[in-house]
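When reading the values below, keep in mind they use all heavy atoms of this one structure, side chains included, and skip hydrogens, waters and symmetry mates.
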Amino acid sequence: MAHQHKGFFDWLSHHLFTCPFKAQFGFDCPDCGLQRSGIALLQGNFIESFKLYPPTIFMVFLCLFTALHLKLDFKFGALIIKSTFIAIAVIIVINYIYKIYNHQLIS
């Protein structure tokens, strides 16, 4: 069974969507790395996922929490969703600045 999962993830990693921004301009967009990070996360490689694209884990949390909030209507749910969204935006900007600073935009 584990071999089947490895085959699926291997296939998936070879069939990623092409980034239109990178295709047009030749360097990474602020979201580049999300697909590879998501695959690593699905495989349970949390550290690798974070290294590839730090906001991924927070984005998954946001989606899951939002779904729960829509079902259960938490008292401070909307505030948590807004705060998490802002935190994700900040992480994306910091990550992109880090990539620019370390010349990691072209791969």
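Hydrophobic clustering (ILVMFWY, side-chain heavy atoms < 4.5 Å, transitive): Leu68 and Ile80 are in one cluster. Follow the hydrophobic side-chain contacts under 4.5 Å out from Ile81 and you reach Leu72 in the same cluster. Hydrophobic clustering of Ile, Leu, Val, Met, Phe, Trp and Tyr side chains at less than 4.5 Å, counting indirect connections, unites Phe50 with Ile88. Taking hydrophobic clusters as Ile, Leu, Val, Met, Phe, Trp and Tyr residues chained together by side-chain heavy-atom distances below 4.5 Å, Phe25 shares a cluster with Tyr96.
Around the CZ atom of Phe85, the shell of radius 6.0 Å holds no more than 12 heavy atoms that belong to other residues, nucleotides or ligands. Remark: Phe74 CZ is packed, more than 12 non-hydrogen atoms of other residues, nucleotides or ligands lying under 6.0 Å away.
Note that CG of Leu42 is 7.5 Å distant from CZ of Phe8, once rounded to the nearest 0.5 Å. Distance check: Asn95 CG to Gln104 CD gives 8.5 Å after rounding to the nearest 0.5 Å. The line from NE2 of His14 to CG of Leu16 is 9.0 Å long, rounded to the nearest 0.5 Å. With rounding to the nearest 0.5 angstrom, the CG atom of Leu41 is 12.0 Å from the CD1 atom of Ile47.
Across Gln35 and Phe17, no two heavy atoms sit closer than the pair OE1-N, 2.8 Å. Taking each heavy atom of Lys99 and Cys32 in turn, the nearest pair found is NZ-O, 3.5 Å. Minimum heavy-atom separation, Ser13 to Asp10: OG-O, 2.9 Å. Glu48 and Ala40 get closest at one heavy-atom pair: CG-CB, 4.1 Å.
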Anything under 3.5 Å between a donor and an acceptor, one on a side chain of residues 53-66, the other on a protein residue two or more places apart or in another chain? List them.
from: Tyr53; atom 1: OH; to: Pro30; atom 2: O; distance (Å): 3.1
from: Tyr53; atom 1: OH; to: Asp31; atom 2: OD1; distance (Å): 2.6
from: Thr56; atom 1: OG1; to: Ser37; atom 2: OG; distance (Å): 2.7
from: Thr56; atom 1: OG1; to: Tyr53; atom 2: O; distance (Å): 3.1
from: Thr66; atom 1: OG1; to: Leu62; atom 2: O; distance (Å): 2.7

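Note: Trp11 and His15 have parallel aromatic rings, judged against thresholds of 30 and 60 degrees for the angle between ring planes. Classified by interplanar angle (parallel below 30°, tilted 30° to 60°, perpendicular above 60°), the ring pair Phe27/Phe21 is perpendicular.
Remark: the backbone N or O of Tyr98 is paired with a side-chain donor or acceptor of Asn102 at under 3.5 angstrom.
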